[in-house]
Amino acid sequence: MIERIKKDWFSNIRGDILAGIVVALALIPEAIAFSIIAGVDPMVGLYASFCIAVIISFIGGRPGMISAATGAMALLMVPLVKEHGVQYLLAATILTGVIQLLFGVFKIGKLMKFIPRAVMIGFVNALAILIFMAQVPHFVGISTLTYIFVGVTLLIVYVLPRFFKAIPAPLIAIVVLTAAAIWGNLDLGTVGELGIITQSLPSFFIPDIPFNIETLQIIFPYSISLAIVGLVESLLTASIVDDMTGTNSNKNKEARGQGIANVITGFFGGMAGCAMIGQSVINVKSGGRGRLSTLVAGVFLMFLILVLGGVVVQIPMPVLAGIMIMVAVGTFDWSSFSYLRKAPKSDALVMLVTVIVVVATDNLALGVIVGVILSAIFFASKISKVSVKQLSTEKNVRFDVSGQLFFASVEGFIESFDFEIADSDISIDFSNAHIWDDSGVGAVDKVVIRYRENHNRVKIKGLNTSSEKLVNKLAVYQDPNAQLKSH
């Protein structure tokens, strides 16, 4: 236990602290922007980012991962805020947390194994594209000076680490270029233009709503959507951070942690949030590895708001846009171009569809769900080919069945038999086949009964243990009067 605490909290103190500071600086404009998307006061997003980051640092299942207010969650909140107001949003946030906590208790993390690699690659690439697109309004078509600051930022974050690694390059870029902008009184867009920052701590309160069934009917559809989107994004981000750091995470613990964090956040005036892949990548690339980096990000965010609020609002947006462009470039899986050429066409299509759906809808969970469903369809079509070979003598006919017999393959299975055969001994050998479901058993029933109607004597053999158990439980052909029934 003590060794685990040392590893999670104190094995990388310097790297975690510096990385957390970089993340906190980059969190502010995003939290404000996501608040504006959701239609709420900027402080709702900032309080959410502070609360979630601090709480998840203690109870999350993935050390070094950053959780806060996110764009994917903000998009889902828009109709609720517009129709019912921020108090209902806070109530929905609390219910979202309760649902996520239950998902964690019931080990929803196990479902991660059902997300194919093609969907994961598509998810990462789509997120990189969204991160880049979100920066475009902050530097395209504004001024030459804006382009210069974006360029200098990229130069610092890419070139400086080759010569100096003691302090994260993004932090140096923010401090130096902000100082230059303030000292030179340069005409650049700033963080303060996104919204007003109130220099005050969040306080506990219960959402001012009627506690009745009608309220539950209003917030539940939003809460279940937020819970699912939040967990999909969090668990996928955890897997990506696992790969980046070469370590493992506890997905079910992460789901429970996200739930608890959102419950508490709702009582402190914050909106629902989840893991942020962009900020998590910034954290890892800046040297953050442990829980301390996430805690520092949350605490330093509030320090910036309370103590340095006047300076923070003067941070030039082109600098932060440059850092996020670096994140987008680093997040994108550039090997996916060769993947498109080398991978099976179905996998390549799944990856492309995942990217297109996410970019078109700004909904990460929807893209993942569509990708998983498409992968399942392709998989079902691949294994739904059943081979039936006929071997005949004068009065003895044997059919050798090979393949997987289930709902998608029963039609081809039935069509493979010659039902003109009459008054013969027929054996159907399943030694190289497996029967998976009721549809498969029903198909066997149909074949046996149709042969019996032509006065054939039919024998089923070669069933493996699980197929035989299923057939014995569901088949009707074993009944001598089965030809009078329909399955």
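Side chains included, hydrogens not; waters and symmetry mates left out as well; all remaining heavy atoms used.
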Legend entry - Pairing of Arg398 and Asp400 as salt bridge, 4.0 angstrom limit: yes
Legend entry - Over all atoms of both residues, closest heavy-atom pair of Ala26 and Ile282: CB-CD1, 4.1 Å
Legend entry - Ile426 backbone acceptor or donor facing Asn396 side chain under 3.5 Å: no
Inset, instruction - Looking only at non-hydrogen atoms, find the nearest pair between Asp437 and Phe406 and report the distance. - result: OD1-CA, 3.3 Å
Inset, instruction - Check whether more than 12 heavy atoms from other residues, nucleotides or ligands sit under 6.0 Å from atom CD1 of Ile206, and answer yes or no. - result: no
Legend entry - Verdict with reasoning, Leu89 to Met271, per side-chain contact (heavy atoms from CB on, under 4.5 Å): CA-CA 7 Å; Leu89 171 61; Met271 61 196 220; 4.1 Å; yes
Legend entry - Side-chain donor or acceptor of Arg291 paired with backbone N/O of Phe10 under 3.5 Å: no
Inset, instruction - Using modelled atom types only, decide if a donor and an acceptor are shared between the side chain of Gln87 and the backbone of Pro207 within a distance under 3.5 Å. - result: no
Legend entry - Any donor-acceptor pair under 3.5 Å from Ser35 side chain to Gly45 backbone: yes
Inset, instruction - Answer yes or no: is there a side-chain heavy-atom contact under 4.5 Å between Met244 and Ile240? - result: yes
Inset, instruction - Determine whether the side chains of Ser467 and Asn464 contain a donor N or O and an acceptor N or O closer than 3.5 Å. - result: yes
Inset, instruction - To the nearest 0.5 Å, tell me how far Asn454 CG sits from Ile421 CD1. - result: 9.0 Å
Legend entry - Asn432 vs Val401 side-chain heavy atoms within contact, under 4.5 Å: no
Legend entry - Worked check of side-chain hydrogen bond (donor to acceptor under 3.5 Å, both in side chains) between Ser409 and Glu411: CA-CA 6 Å; Ser409 60; Glu411 185 177 347; over 6 Å; no
Legend entry - Nearest-0.5 Å distance, CD1 of residue Ile218 to OH of residue Tyr88: 4.5 Å
Legend entry - Side-chain donor/acceptor of Asn283 to backbone N/O of Ser293, under 3.5 Å: no
Inset, instruction - Just do the side-chain contact (heavy atoms from CB on, under 4.5 Å) check on Tyr47 and Ile52 with the steps written out, would you? - result: CA-CA 8 Å; Tyr47 285 156; Ile52 295 172; over 6 Å; no
Legend entry - Rounded distance (nearest 0.5 Å) linking atom CE of Met276 with atom CE of Met65: 11.5 Å
Legend entry - Main-chain N/O of Tyr451 paired to Asn456 side chain as donor or acceptor, under 3.5 Å: yes
Legend entry - Polar side-chain atom of Ser49 near backbone of Ala68 as donor-acceptor pair, under 3.5 Å: no
Legend entry - Value rounded to 0.5 Å, distance of CG in Leu470 from CG in Leu405: 10.0 Å
Inset, instruction - Say whether, by atom type as modelled, one donor and one acceptor occur between the side chain of Ser424 and the main chain of Ala422 under 3.5 angstrom. - result: yes
Inset, instruction - Without swapping roles, check the side chain of Asn12 against the backbone of Gly290 for a donor-acceptor pair under 3.5 Å. - result: no
Inset, instruction - List the atom of Ser223, the atom of Leu95, and the distance in Å for their closest heavy-atom pair. - result: OG-CB, 3.4 Å
Legend entry - Trp9 and Phe58 aromatic centres sub-6.0 Å: yes
Legend entry - Partners passing salt bridge (charged side-chain N to carboxylate O under 4.0 Å, His left out) against Arg457 (at least two apart in sequence or in another chain): Asp423, Asp425
Inset, instruction - Would you list the pairs meeting side-chain hydrogen bond (donor to acceptor under 3.5 Å, both in side chains) in which at least one residue belongs to residues 117-135, sequence neighbours left out? - result: Asn125-Ser336
Legend entry - Test item: Phe123 and Asp333 side chains (from C-beta on) under 4.5 Å apart, heavy atoms: no
Inset, instruction - Determine, step by step, whether Val386 and Val388 satisfy the side-chain contact (heavy atoms from CB on, under 4.5 Å) criterion, reporting the C-alpha distance in whole Å, the side-chain angles of both residues, the deciding distance to 0.1 Å, and the verdict. - result: CA-CA 7 Å; Val386 175; Val388 179; 4.3 Å; yes
Inset, instruction - Take the angle between the ring planes of Phe139 and Phe132 and call it parallel below 30°, perpendicular above 60°, tilted in between. - result: perpendicular
Legend entry - Distance-only polar pair, side chains of Gln404 and Ser384, donor-acceptor under 3.5 Å: no
Legend entry - From CD1 (Ile66) to CG (Leu27), nearest 0.5 Å: 7.0 Å
Legend entry - Side-chain touch Phe267/Val263, heavy atoms, less than 4.5 angstrom: yes
Inset, instruction - Assess whether atom NZ of Lys382 is packed by more than 12 heavy atoms of other residues, nucleotides or ligands within 6.0 Å. - result: yes
Legend entry - Non-hydrogen side-chain atoms of Leu349 and Phe378 separated by less than 4.5 Å: yes
Legend entry - Enclosure of Tyr158 OH (heavy-atom neighbours >12, cutoff 6.0 Å): yes
Legend entry - Residue pair Glu254, Ser234: steps toward the side-chain hydrogen bond (donor to acceptor under 3.5 Å, both in side chains) verdict: CA-CA 8 Å; Glu254 182 62 36; Ser234 296; 5.1 Å; no
Inset, instruction - Scan Asp243, Asn248, Asp242, Thr247 and name whichever one has a side-chain hydrogen bond (donor to acceptor under 3.5 Å, both in side chains) with Thr245. - result: Thr247
Inset, instruction - Could you check Arg289 against Ser11 for side-chain contact (heavy atoms from CB on, under 4.5 Å), going step by step and ending with a plain yes or no? - result: CA-CA 9 Å; Arg289 291 293 183 274; Ser11 62; 6.0 Å; no
Inset, instruction - Hey, can you tell me if Trp436 and His434 have their rings parallel, tilted or perpendicular (30° and 60° cut-offs)? - result: tilted
Legend entry - Pairwise distance CZ(Phe337) to CZ(Phe332) - rounded to 0.5 angstrom: 4.0 Å
Legend entry - Contact check, side chains of Val359 and Met133, non-hydrogen atoms, under 4.5 Å: yes
Legend entry - Contact check, side chains of Val471 and Ile460, non-hydrogen atoms, under 4.5 Å: no
Legend entry - Exercise: do Lys251 and Ser249 side chains pair donor with acceptor under 3.5 Å: yes
Inset, instruction - Please check if any side-chain donor atom of Gln100 sits under 3.5 Å from a side-chain acceptor atom of Asn262, or the reverse. - result: yes
Legend entry - Side-chain heavy-atom pair Tyr339, Met351 within 4.5 angstrom cut-off: yes
Inset, instruction - Using atom types as modelled and distance alone, determine if a side-chain donor or acceptor of Ser387 lies under 3.5 Å from a backbone N or O of Ser402. - result: no
Legend entry - Where Val372 and Val119 come nearest, the two heavy atoms and their spacing: N-CG2, 3.8 Å
Legend entry - Shortest non-hydrogen contact from Pro170 toward Val22: CB-CG1, 3.7 Å
Inset, instruction - Specify the closest pair of heavy atoms between Val229 and Met73, including all atoms of both residues, with the distance to one decimal. - result: CG1-SD, 4.2 Å
